[in-house]
Amino acid sequence: MPRWILPAATALTLAVSVSAHAATVQITMENLVFAPVEASAKVGDTIEWINKDIFAHTATARNGDFDVTIAPKKTVTSVLKKAGTIEYYCRFHPNMKAVLNVAP
Ligand SMILES: [Cu+2]
């Protein structure tokens, strides 16, 4: 076996495990409700904010970690940068509230 095979295989395995680690979490906005109302994710994961309503919503973190505006019938993605339990709401509809648990 050539000497380069093993390091190459190791690098490939690392690359695969890193990309498999980052997940995509879908959070929908429909009928003025975030679903799921409590979601879990990890730093580095992508959130897909899916707005199924016919008006715009925002996902606005109370601690300022993110503030995403999602146009009607659109999907917006954002990547989680910080760990924590993040309460967020919609600026246009303050009754829309949910929680995102972000593990390190
Ligand atoms: Cu809204």
Side-chain angles (χ1 to χ4, degrees):
M1 188 164 83
R3 295 183 73 114
W4 58 267
I5 292 266
L6 192 59
T10 305
L12 193 63
T13 306
L14 280 175
V16 168
S17 63
V18 166
S19 64
H21 177 81
T24 298
V25 177
Q26 296 185 325
I27 297 177
T28 61
M29 283 134 270
E30 189 169 23
N31 300 323
L32 296 162
V33 175
F34 288 109
V37 71
E38 184 159 0
S40 295
K42 286 182 175 177
V43 171
D45 284 356
T46 297
I47 303 291
E48 263 183 21
W49 305 98
I50 304 166
N51 183 0
K52 295 187 172 181
D53 279 332
I54 56 168
F55 24 77
H57 292 299
T58 74
T60 304
R62 291 196 194 282
N63 67 1
D65 274 4
F66 54 78
D67 185 7
V68 182
T69 301
I70 309 99
K73 303 287 181 185
K74 296 286 181 198
T75 298
V76 176
T77 58
S78 61
V79 177
L80 297 170
K81 303 221 163 62
K82 281 202 280 178
T85 300
I86 303 165
E87 293 177 37
Y88 63 95
Y89 65 103
C90 172
R91 276 187 279 119
F92 306 139
H93 314 100
N95 285 336
M96 291 177 66
K97 289 179 263 188
V99 177
L100 190 56
N101 295 305
V102 184

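Between Tyr88 and Phe34, the ring center distance clears the sub-6.0 Å criterion. The distance between the ring centers of Phe55 and His93 falls below 6.0 angstrom.
Both Ile86 and Val43 belong to a common hydrophobic cluster when Ile, Leu, Val, Met, Phe, Trp and Tyr are linked at side-chain heavy-atom distances under 4.5 angstrom. Follow the hydrophobic side-chain contacts under 4.5 Å out from Val25 and you reach Trp49 in the same cluster.
Note that the CE atom of Met96 and the CE atom of Met29 stand 6.5 Å from one another [nearest 0.5 Å]. Note that the CD1 atom of Ile27 and the CD atom of Glu48 stand 10.5 Å from one another [nearest 0.5 Å]. Separating the CD1 atom in Ile70 from the OG1 atom in Thr77 is a distance of 10.5 Å, to the nearest 0.5 Å. Within the model, atoms SG of Cys90 and CG of Asn95 stand 10.0 Å from one another, a figure rounded to the nearest 0.5 Å. Going from atom CG of Asp65 over to atom NZ of Lys82 covers 4.0 Å, rounded to the nearest 0.5 Å. From Glu87, atom CD reaches atom CZ of Arg62 across 6.0 Å, with rounding to the nearest 0.5 Å.
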Exercise. Show the numbers, then the answer: is there a side-chain contact (heavy atoms from CB on, under 4.5 Å) between Val102 and Lys81?
Key: CA-CA 9 Å; Val102 184; Lys81 303 221 163 62; over 6 Å; no
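Lys97 approaches Val37 most closely through the heavy-atom pair O-CG2, 3.5 Å. In terms of heavy atoms, Pro72 sits closest to Ala56 at CG-N, 3.7 Å.
Residues forming a salt bridge (Lys or Arg N to Asp or Glu O under 4.0 Å) with Asp53 (at least two apart in sequence, or on another chain): none.
Within the 4.5 Å cutoff, the side chain of Val99 has heavy atoms near those of the Thr85 side chain. Inter-residue side-chain proximity for Leu32 and His57 is flagged as met; some heavy-atom pair is nearer than 4.5 Å. Residues Ile47 and Leu80 are in side-chain contact: their nearest non-hydrogen atoms beyond the backbone lie under 4.5 Å apart.
With Asn31 contributing its side chain and Val33 its backbone, the two residues share no donor-acceptor pair below 3.5 Å. Side-chain N or O atoms of Asp67 include none that pairs as donor or acceptor with a backbone N or O of Thr60 at under 3.5 Å. Judged by distance alone, the side chain of Asp45 and the main-chain N or O of Ala22 form no donor-acceptor pair under 3.5 Å. Between the Thr58 side chain and the Arg91 main chain, a donor and an acceptor come within less than 3.5 Å of each other.
Cluster note: Val79 groups with no other residue, as no ILVMFWY side-chain heavy atom lies under 4.5 Å from it.
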